[in-house]
2 protein chains.
Amino acid sequence: MNDPRRIKDLLYEQVARIGKAASSPKRLELIELLCQGEKTVDALAREAAISMKLASAHLRELRAANLVETEKQGKYVIYRIANRQVADFWVAIHSLAEDRLVELRLVIEQMVSHPKELAPQDRDGLVRLARKGEVVVLDVRPADEYLAAHLPFARSIPLDELKQRLAELPKGKTVVAYCRGPYCLMARDAVDLLRKKGYDALRLPEGVAEWGIAPVR
Amino acid sequence: MNDPRRIKDLLYEQVARIGKAASSPKRLELIELLCQGEKTVDALAREAAISMKLASAHLRELRAANLVETEKQGKYVIYRIANRQVADFWVAIHSLAEDRLVELRLVIEQMVSHPKELAPQDRDGLVRLARKGEVVVLDVRPADEYLAAHLPFARSIPLDELKQRLAELPKGKTVVAYCRGPYCLMARDAVDLLRKKGYDALRLPEGVAEWGIAPVR
DNA sequence: AGCTTATTCTAGTATTCATTAGATTGTTAG
DNA sequence: CTAACAATCTAATGAATACTAGAATAAGCT
């Protein structure tokens with residue numbers, strides 16, 4: 001309990017707790033998932049493709065940094081991000097990474113970039129078109145994530161139901177598909193399917209976190 | 001070189017490189033120092049109170065994450081942040097830490113909070129008063145940091161020259177002292193000194209990074 | 001009550017990281 | 001050229017971390 005450290009060190013140590021939480025790829029993936037809406041440990045583990053034990057351990061770290069909260073509901077434990085600032089931080093750190101790390105930009109390009117990307121510049125324009133019904137904004141995430149938060153005027157058809165529900169989409173209009181954000185491939189797959197079926201489809205490489213829309217409980 | 005990993009993992013791994021860079025207290029302190037302006041390894045080590053070897057090792061990490069750049073000038077190596085987005089990230093992570101971690105707020109309160117704090121709400125108001133000359137905005141950081149970037153209408157008197165240069169300050173006006181940001185104590189010490197000498201002095205717990213002012217090369 | 005499922009806790013291991021000391025490179029000053 | 005200094009590199013150490021497996025809780029379900 002002696003303290004030969006500078007008082008200042010205590011401050012940076014606290015900030016570093018946030019950095020530590022953000023220093024593991026898996027934890028970042030969990031944060032991104034939680035930005036879509038609250039989820040159980042089980043669901044998080046499944047979607048991040050890790051064991052529940054490991055998910056639990058990482059969530060423990062996130063909770064130790066006060067970035068997420070939990071609520072016990074019967075057999076399940078529900079995790080959610082502590083507030084929208086956490087989602088903003090996720091956007092800030094992945095944006096900075098995209099800005100600074102060529103490697104990241106290369107991987108992103110390899111993964112998705114075809115002529116079917118929508119430049120993420122003009123949000124107001126997209127909303128205006130969607131309001132007038134001139135484009136269809138399509139949320140292809142699981143239904144519960146759509147319920148927790150979605151882009152303005154978006155309609156929900158989860159990716160795994162898309163093939164069966166194609167009839168719901170008007171064929172003349174451009175479909176703008178989005179999912180969890182730039183690292184999620186559901187919208188890419190949706191666009192591939194839609195184009196194969198003759199639709200005019202584009203991928204919006206942004207999600208609710210990037211648009212600053214916080215999930216509701 | 002086999003790759004049984006999901007392609008997605010590569011993305012989060014890249015983002016985690018930024019998180020790793022931000023997971024060490026010392027590296028965060030170095031980033032904050034570099035937000036004040038470019039510096040040599042030697043200067044950084046001195047101001048962060050660590051050995052040059054350790055500073056060099058940490059700076060190596062920061063450069064590996066592309067957050068800082070270097071330039072060799074004769075015997076010295078000059079480090080600077082790669083761009084203003086890095087400074088914005090520093091502000092984002094320390095703000096999130098202040099929002100989420102009670103421990104951090106407690107340490108900050110213990111360190112500085114007296115009745116002489118200026119609430120950091122009204123920047124425009126402060127600038128207006130400073131423009132009209134109704135308050136003196138005083139930058140107490142070392143002179144080179146003032147030259148690299150400073151708040152609007154601020155004048156420079158480094159803390160260690162303040163005692164000798166008190167005559168430069170008009171006694172009737174409120175002096176608003178600032179330094180490197182909320183974790184820096186130079187402004188606090190300046191305010192203590194000024195009040196002891198009969199000045200009306202307040203501490204602004206923000207610096208150029210928090211105001212979004214990037215240092216010039 | 002027993003059985004199943006969701007979650008956490010405890011150990012154990014392999015790996016990574018922070019830090020220090022010693023040797024090395026490159027540059028300036030005498 | 002040599003001495004002094006700035007900075008980096010290498011190697012070594014102890015501490016922290018990610019992940020796995022096994023046991024322990026705890027809440028439904030039958």
Side-chain angles (χ1 to χ4, degrees), chain A residues 4-6 9-10 12-31 33-34 38-65 67-80 144, chain B residues 4-6 9-10 12-31 33-34 38-65 67-80 144:
Chain A
R5 256 182 335 210
R6 297 177 309 154
D9 289 354
L10 297 173
Y12 297 104
E13 263 165 43
Q14 294 301 317
V15 182
R17 286 171 63 190
I18 306 291
K20 282 213 185 78
S23 70
S24 147
K26 304 266 192 282
R27 282 200 287 272
L28 291 170
E29 188 168 2
L30 292 172
I31 290 175
L33 284 167
L34 289 171
E38 55 182 35
K39 290 177 183 296
T40 64
V41 181
D42 182 61
L44 288 165
R46 207 166 343 101
E47 310 217 49
I50 56 180
S51 74
M52 212 166 64
K53 286 171 190 187
L54 184 53
S56 180
H58 279 305
L59 289 166
R60 194 178 192 280
E61 292 296 310
L62 291 178
R63 205 177 38 177
L67 297 180
V68 304
E69 319 176 318
T70 59
E71 180 189 334
K72 182 137 198 186
Q73 279 188 9
K75 199 158 60 157
Y76 299 88
V77 176
I78 312 280
Y79 278 80
R80 65 176 74 94
D144 60 309
Chain B
R5 258 183 331 210
R6 297 178 308 154
D9 289 353
L10 296 172
Y12 297 104
E13 263 165 43
Q14 293 302 316
V15 182
R17 285 172 63 190
I18 306 292
K20 282 213 187 77
S23 69
S24 145
K26 304 263 193 284
R27 281 199 289 272
L28 291 169
E29 188 167 4
L30 292 172
I31 290 175
L33 284 167
L34 288 171
E38 55 182 37
K39 289 178 185 292
T40 64
V41 180
D42 182 64
L44 288 164
R46 208 166 343 100
E47 309 216 50
I50 56 181
S51 75
M52 212 167 63
K53 287 174 190 188
L54 184 54
S56 180
H58 280 305
L59 290 167
R60 194 179 191 280
E61 294 294 312
L62 290 177
R63 205 177 38 177
L67 296 180
V68 304
E69 324 175 313
T70 59
E71 180 189 336
K72 183 138 198 185
Q73 279 189 8
K75 199 159 58 158
Y76 299 89
V77 176
I78 313 281
Y79 278 79
R80 65 176 75 95
D144 59 310

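Protein chains get the first letters and strands the later ones, always in sequence-line order, with residue 1 at the start of each.
Closest approach of A:L34 and A:K39 over heavy atoms only: CD2-N, 4.1 Å. Taking every heavy atom of both residues into account, A:V41 and A:A55 meet most closely at CG1-CB, 4.4 Å. Nearest approach of A:L67 to A:A21, heavy atoms of both residues: CD1-CB, 3.8 Å. Across all non-hydrogen atoms, the minimal contact from B:A16 to A:S23 is CB-O, 3.7 Å. Of all non-hydrogen atoms in B:V68 and B:L59, the two that sit nearest each other are CG2-O, 4.2 Å.
Note: CD1 (B:I50) to C1' (C:dT19) measures 10 Å, nearest angstrom. If you take CG of B:D42 and P of D:dT8, they are 11 Å apart, rounded to a whole angstrom. What separates CD of A:E61 from P of C:dT8 is a distance of 13 Å, to the nearest Å. In this structure, A:M52 atom CE and D:dA21 atom P are separated by 14 Å, rounded to whole Å. Computed from coordinates, the B:R63 CZ to D:dC9 P distance equals 7 Å when rounded to whole Å. Rounded to an integer number of Å, the gap from A:K39 NZ to C:dT7 P is 13 Å.
Taking every heavy atom of residues 15-30 of chain A and every atom of DNA chain D, pairs under 4.0 Å involve A:K20, A:S24, A:K26, A:R27, by number. The stretch residues 68-80 of chain A comes close to DNA chain C through A:K75, A:Y76, A:V77, A:Y79, each having a heavy atom under 4.0 Å from the strand.
For the OP1/OP2 pair of C:dT8 and a distance below 4.0 Å, the side-chain nitrogens and oxygens of A:S56 include at least one atom meeting the criterion. The side chain of A:H58 contributes no N or O atom lying less than 4.0 Å from OP1 or OP2 of D:dT17.
Salt-bridge check for A:E61 with A:K20: failed, with every basic side-chain N at 4.0 Å or more from each acidic carboxylate O.
Of the inter-residue distances, the one linking A:R63 atom CZ with A:T70 atom OG1 reads 4.5 Å to the nearest 0.5 angstrom. The CG atom of A:L54 lies 12.0 Å from the CG atom of A:L44; values are rounded to the nearest 0.5 Å.
Side-chain atoms of B:E29 and B:H58, non-hydrogen and from C-beta on, never get closer than 4.5 Å to each other. Within the 4.5 Å cutoff, side-chain heavy atoms of A:D42 are placed close to those of A:R46.
The main-chain N or O of B:A64 is found under 3.5 Å from a side-chain atom of B:R17 such that the two form a donor-acceptor pair.
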Distances under 3.5 Å only, N/O to N/O: pair up the protein atoms with those of nucleotides 20-25 of chain C.
from	atom 1	to	atom 2	distance (Å)
C:dA21	N7	B:K53	NZ	3.3
C:dG22	N7	B:K53	NZ	2.6
C:dG22	O6	B:K53	NZ	3.1

